[in-house]
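In what follows, a single structure is set out as structure tokens and then discussed.
In this chain, residues are counted from 1 in sequence order. Just follow the structure's listing: the first ligand is 1, and inside any ligand the first atom is 1. Just so it is clear, the structure is predicted and the values come from calculations on it, not from any experiment.
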Amino acid sequence: MNRTRCDRTPAWGELQTSFNTSGRAFDLRTAFATDAGRFAAFSQSAPYVFADLSKNLIDSTTQQLLLDLARQTGVEQHRDAMFAGERINSTEQRAVMHCLLRTPPADPAMPTQSVHRHMAETLHEVHITLDAMLAYAQTVRADEAITDVVNIGIGGSDLGPQMAVLALDEFAQPGKRFHFVSNVDGHELAAVLKRLKPESTLFLIASKTFTTIETMTNALSAKRWFEAQGGTDIGRHFAALTTNVAAANAFGISTTFGFWDWVGGRYSMWSAIGLPLAIAIGADGFREFLAGAHEMDEHFRTAPLEQNLPVQLGLLDVWYRNFHGFSSRSIAPYHSALRRLPAYLQQLEMESNGKQVDASGDALPFGTSPVLWGEPGTNGQHAYFQMLHQGTDVVPVEFVAIKKPKHSLAGHHDLLLANVLAQAQALMVGKSDTGGHKNFPGNRPSTFLLLDELTPASLGALIALQEHRVFVSGSLWGINSFDQWGVELGKVLAKDIAPRLASGDAAGLDGSTAGLLALLRA
Ligand code: F6P
């Protein structure tokens with residue numbers, strides 16, 4: 001596979017020249033005034049998602065140069081290598097095959113070369129595991145005695161299922177409550193436990209590695225609580241979702257659902273890690289969720305780059321980060337059920353692309369992952385949108401709106417949609433005021449993603465879209481988007497500090513940590 005880092009391509013220099021001559025001064029208001037077809041020209045459709053890209057700081061020349069950049073970096077070959085199961089996670093020598101988790105059995109699109117034959121066997125295993133997991137989900141759904149499902153996991157073993165269970169609440173079976181415990185702060189688990197009874201609770205211990213200290217600590221406390229309350233049947237009340245089935249068995253859990261090392265934690269909700277969602281929306285719903293994501297995979301895999309939405313979004317991300325110098329992006333879902341989407345996307349983007357070296361370990365001379373942040377849009381409007389409209393930094397905003405609501409309360413949805421339209425409009429058009437305080441500079445970019453309805457399939461497609469756009473920017477930057485060494489150092493230091501809290505031993509610590517340790521022990 002031939003990858004060329006973006007800054008080593010001819011297109012990079014051409015983009016820089018174009019940015020200096022016209023890109024920096026580009027004005028959206030002029031662009032719309034001079035081109036009646038701009039909305040249509042800069043709109044894209046992908047499965048379940050319509051994207052209005054017209055309020056972004058691009059013209060057709062920039063778009064063309066960005067497409068050249070994509071081609072010259074070899075993003076298509078890199079994408080194909082991922083779909084072919086090559087070990088593109090080079091620092092861990094692992095394939096990156098989460099897309100296989102949502103590939104239907106015997107997909108006719110699967111080529112027949114030897115590497116793909118090997119994937120066909122793996123796909124067979126994927127479906128055996130999926131069938132078992134979904135059969136279990138159906139059993140739990142039918143079991144009226146189980147009223148509370150507690151997912152204990154952190155990072156990718158928490159954010160995805162939590163976000164999706166909330167998002168698809170309208171499709172959830174009544175009569176079951178879902179709880180997500182991730183924080184090692186005992187307040188979180190204690191607050192959940194006090195509302196539970198052992199005989200009506202199912203604990204799902206979700207951990208790819210089954211070694212993560214926060215999850216193991218919470219799992220052990222949950223097990224102790226269960227036994228102290230008189231619970232005995234661990235086989236019925238605990239299940240483990242992990243690649244490390246041996247460790248789960250050693251912990252005392254016999255009901256296990258496995259997955260594979262080629263599923264990254266932040267890409268794992270399509271695997272056994274999705275069990276809470278499968279229990280909530282049922283086997284058919286979960287299969288629809290996978291099918292929606294698969295449609296987006298096929299779009300990403302086969303659509304020409306000009307009409308490939310993940311590619312277009314990833315290119316915009318690079319344009320803003322590396323040419324305009326915007327260092328953050330705000331995500332504004334206009335649907336209360338998508339309230340955990342920003343947190344989910346933070347891990348997806350920042351753990352994937354928050355890197356300072358390329359895949360060969362060479363220092364990067366340009367910025368990578370933006371800071372991703374946000375809240376449900378209407379709430380943000382009454383808080384930090386002040387800064388988006390009038391602050392000194394330009395922050396591209398990604399709006400997510402849903403056309404058809406699931407409720408019938410009069411007036412609400414039109415007001416919601418009016419607000420999302422108004423915010424995008426206000427960012428772009430601005431308002432002149434000589435007084436300064438009431439001046440809105442405008443020309444602030446936004447992307448508008450529109451889903452017809454929020455369903456298992458459309459959510460699956462939306463998330464796959466986000467996964468692939470992160471792939472595209474990471475690919476252009478030449479980095480390995482699939483490792484996360486940056487989270488390791490803190491874990492090692494916490495292991496060293498934990499016994500010091502009991503012993504008070506401050507030997508070898510820096511002055512600040514030693515001072516805080518002493519205060520905490522006083
Ligand atoms: O510490 C970061 C991380 O490794 C994430 O990448 C991962 O999603 C999370 O921890 C949880 O890991 P596990 O599923 O192995 O408990």
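Closest heavy-atom approach to atom 15 (O) of ligand 1 within the set Asn244, Ile152, Thr243, Thr209: this belongs to Thr209. Closest heavy-atom approach to atom 2 (C) of ligand 1 within the set Glu351, Met216, Gln484: this belongs to Glu351.
Residues meeting the salt bridge (charged side-chain N to carboxylate O under 4.0 Å, His left out) test with Arg177, sequence neighbours left out: Asp148.
The N/O atoms of Ser207, backbone and side chain alike, include one that comes under 3.5 Å of an N/O atom in ligand 1. Ligand 1 has no N or O atom lying under 3.5 Å from any N or O atom of Thr215, backbone or side chain. The shortest N/O to N/O separation between Ala206 and ligand 1 does not fall below 3.5 Å.
Judged by distance alone, the side chains of Asp510 and Thr513 do bring a donor and an acceptor atom under 3.5 Å apart. In this model, no donor atom of one side chain and acceptor atom of the other lie less than 3.5 Å apart for Asn353 and Thr368. With hydrogens and angles left out, the side-chain atoms of Asp483 and Thr91 include a donor and acceptor closer than 3.5 Å. Donor-acceptor pairing under 3.5 Å is lacking for the side chains of Asn89 and Trp262.
Taken to the nearest 0.5 Å, the OG atom of Ser182 stands 4.0 Å off from the CG atom of Asp158. For the atom pair Glu227 CD and Ile234 CD1, the distance stands at 4.5 Å (nearest 0.5 Å).
Protein heavy atom in closest approach to atom 11 (C) of ligand 1: Ile154 O, 3.2 Å.
For ligand 1, the atoms sitting less than 4.0 Å from at least one non-hydrogen atom of Thr212 are 12 (O), 13 (P), 15 (O), 16 (O), numbered in the order shown with element in parentheses. Near Ser157, the atoms of ligand 1 lying under 4.0 angstrom from a non-hydrogen atom of the residue are 13 (P), 14 (O). Heavy-atom proximity to Gly156, at under 4.0 Å, picks out these atoms of ligand 1: 7 (C), 8 (O).
Aromatic rings of Phe251 and Phe238 (six-membered ring for Trp) have centroids beyond the 6.0 Å cut-off, not under it.
Using a 4.0 angstrom heavy-atom cutoff, Lys491 counts as in contact with ligand 1. At least one heavy atom of Gln347 sits under 4.0 Å from some atom of ligand 1.
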